[in-house]
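First up is the structure itself, then whatever we jot down about it.
As the structure is a prediction and not an experimental result, all values here were calculated from the model. Remember, it's 1-based here, ligands and their atoms both numbered in the order they're listed.
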Amino acid sequence: MTAPAIVANTLDLIGNTPLVLLKGPSEAAGCEIWGKCEFANPGASVKDRAALGIIRDAEARGELQPGGTIVEGTAGNTGIGLALVANARGYKTIIVMPDNQSQEKMATLRALGAELVTVPPTKFANPGHFVHTSRRLAEETLGAVWANQFDNIANRRAHIEGTAPELWEQLDGRIDGFTCAAGTGGTIAGVGLGLKERDEKITIALTDPHGAALYSYYATGELHAEGTSVAEGIGQGRITANLEGAPIDTQFRISDQEGLMWVARLLREEGLCLGLSSGINVAGAVALGRELGKGARVATILCDTGFRYLSTLYNAEWLAAKDLPVFDWLKAN
Ligand code: PMP
């Protein structure tokens with residue numbers, strides 16, 4: 001047992017997250033399913049890595065000057081990561097979010113000191129979409145930089161240089177498969193590229209929620225979405241710059257019901273309180289593990305903390321209104 005890391009700089013708390021063997025999923029898959037604990041980052045999500053990578057890149061290119069502003073459109077977690085890193089580096093943050101995201105994320109962003117702008121959710125082609133709104137705001141604000149997480153590959157570089165080598169080292173170079181869902185695609189593409197560099201036989205699988213177009217893209221070559229999902233932070237309808245050249249070998253489509261089943265089991269049986277994208281990732285990892293067979297080692301991402309979704313995933317009325325199964329223990333309260 002080695003002692004936990006000691007760091008001299010708060011930004012060094014980002015990354016180097018623990019990896020945990022998940023008992024229920026391993027039993028269900030008949031092999032080892034490992035979860036990378038990204039909720040253990042200071043902003044409680046995987047997006048702290050992208051936020052730090054994007055800000056360091058903008059600094060290195062001389063775009064972000066002391067006292068400058070970082071502007072971004074985000075489902076919330078990237079904004080939280082950016083706000084924390086910006087505070088530590090002396091920048092201001094302006095965050096544009098669709099107004100259907102969890103109240104907890106909005107309250108958190110305000111608490112961290114970010115300026116929050118909310119817009120109605122729309123299709124990407126609409127100029128009012130949160131991504132386009134954030135780009136315009138960055139152009140109009142003096143000394144501002146647009147983080148552009150979807151098409152700025154400093155995002156996936158954080159996973160090529162951080163998450164992938166960490167997984168490789170944590171599993172002693174014996175890893176058979178990796179899977180996760182895509183929002184920007186930075187995690188799946190970056191971890192995929194980083195792992196393939198070390199062993200090209202590792203199977204990289206995309207796990208897609210319903211309502212996203214990537215499952216169909218990797219299966220048939222056509223972007224086509226079916227169904228819907230309430231999962232926040234995942235579900236992509238286009239090939240972002242971060243997804244270009246992602247080494248995807250196979251793909252799974254996972255329903256919210258199946259993802260929620262794993263959210264419930266991980267909480268009640270293993271004491272992990274997670275968001276829905278983590279549940280969907282674990283369902284995908286179980287599917288991949290079953291394909292790879294007995295003795296295989298599969299890793300996935302536990303993207304963010306469930307504390308961010310108390311008013312949604314962990315709220316009986318909200319679940320019932322969305323026609324989703326209500327967790328048993330919530331019914332009793
Ligand atoms: N899960 C959650 C909760 C997220 O906020 C995000 C980021 N959008 C993801 C998964 C997906 O990560 P990525 O953007 O790297 O594809």
Side-chain angles (χ1 to χ4, degrees), residues 14-15 17 35-41 43-54 72-83 95-98 100-102 104-106 108-109 130-131 134 147-160 162-164 178-194 204-209 212-214 229-244 246 248 254 256 259 262-263 273-285 300-309 312-313:
I14 294 174
T17 52
K36 188 90 167 117
C37 297
E38 294 304 302
F39 56 82
N41 281 303
S45 95
V46 65
K47 299 304 302 205
D48 284 14
R49 294 180 186 264
L52 181 60
I54 286 169
E72 183 58 324
T74 151
N77 280 332
T78 304
I80 291 168
L82 285 171
I95 300 300
V96 185
M97 238 176 115
N100 62 347
Q101 303 297 294
S102 82
E104 287 84 340
K105 284 184 189 160
M106 298 188 201
T108 303
L109 280 162
F130 68 96
V131 171
S134 69
N148 188 18
Q149 57 168 332
F150 291 91
D151 295 307
N152 179 348
I153 59 166
N155 169 359
R156 80 178 186 192
R157 210 178 304 129
H159 297 283
I160 295 174
T163 323
F178 173 81
T179 188
C180 71
T184 64
T187 311
I188 183 75
V191 175
L193 289 166
I204 306 298
L206 173 87
T207 292
D208 223 20
L214 298 181
S229 168
V230 299
E232 295 184 24
I234 57 172
Q236 184 49 257
R238 66 184 179 98
I239 300 303
T240 62
N242 279 291
L243 278 168
E244 265 167 37
I248 308 295
I254 301 292
D256 284 357
W262 281 115
V263 167
C273 183
L274 301 165
L276 181 51
S277 67
S278 303
I280 287 176
N281 282 354
V282 167
T300 191
I301 303 287
L302 305 178
C303 312
D304 70 352
T305 172
F307 299 158
R308 206 146 273 169
Y309 306 98
T312 57
L313 299 181

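Side-chain N/O atoms of Asn155 and Thr184 include a donor and acceptor closer than 3.5 Å.
For ligand 1, residues of the protein lying within 4.0 angstrom by heavy-atom distance are Lys47, Asn77, Ala182, Gly183, Thr184, Gly185, Gly186, Thr187, Glu232, Gly233, Ile234, Ser277, Cys303, Asp304, Tyr309.
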Q: For Arg49 and Thr17, run side-chain contact (heavy atoms from CB on, under 4.5 Å): C-alpha distance rounded to whole Å, both residues' side-chain angles, the deciding distance at 0.1 Å, then the answer.
A: CA-CA 11 Å; Arg49 294 180 186 264; Thr17 52; 3.2 Å; yes

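Between Arg308 and Glu232 no salt bridge is recorded (no basic side-chain N to carboxylate O distance below 4.0 Å).
Side-chain contact between Asp256 and Ile280 is present, with heavy atoms from C-beta onward closer than 4.5 Å.
The closest donor-acceptor contact from the side chain of Asp304 to the backbone of Val46 lies at 3.5 Å or more, if one exists at all.
Applying the side-chain contact (heavy atoms from CB on, under 4.5 Å) test to Ala189 and every residue at least two apart in sequence or in another chain returns Arg156, Ala246.
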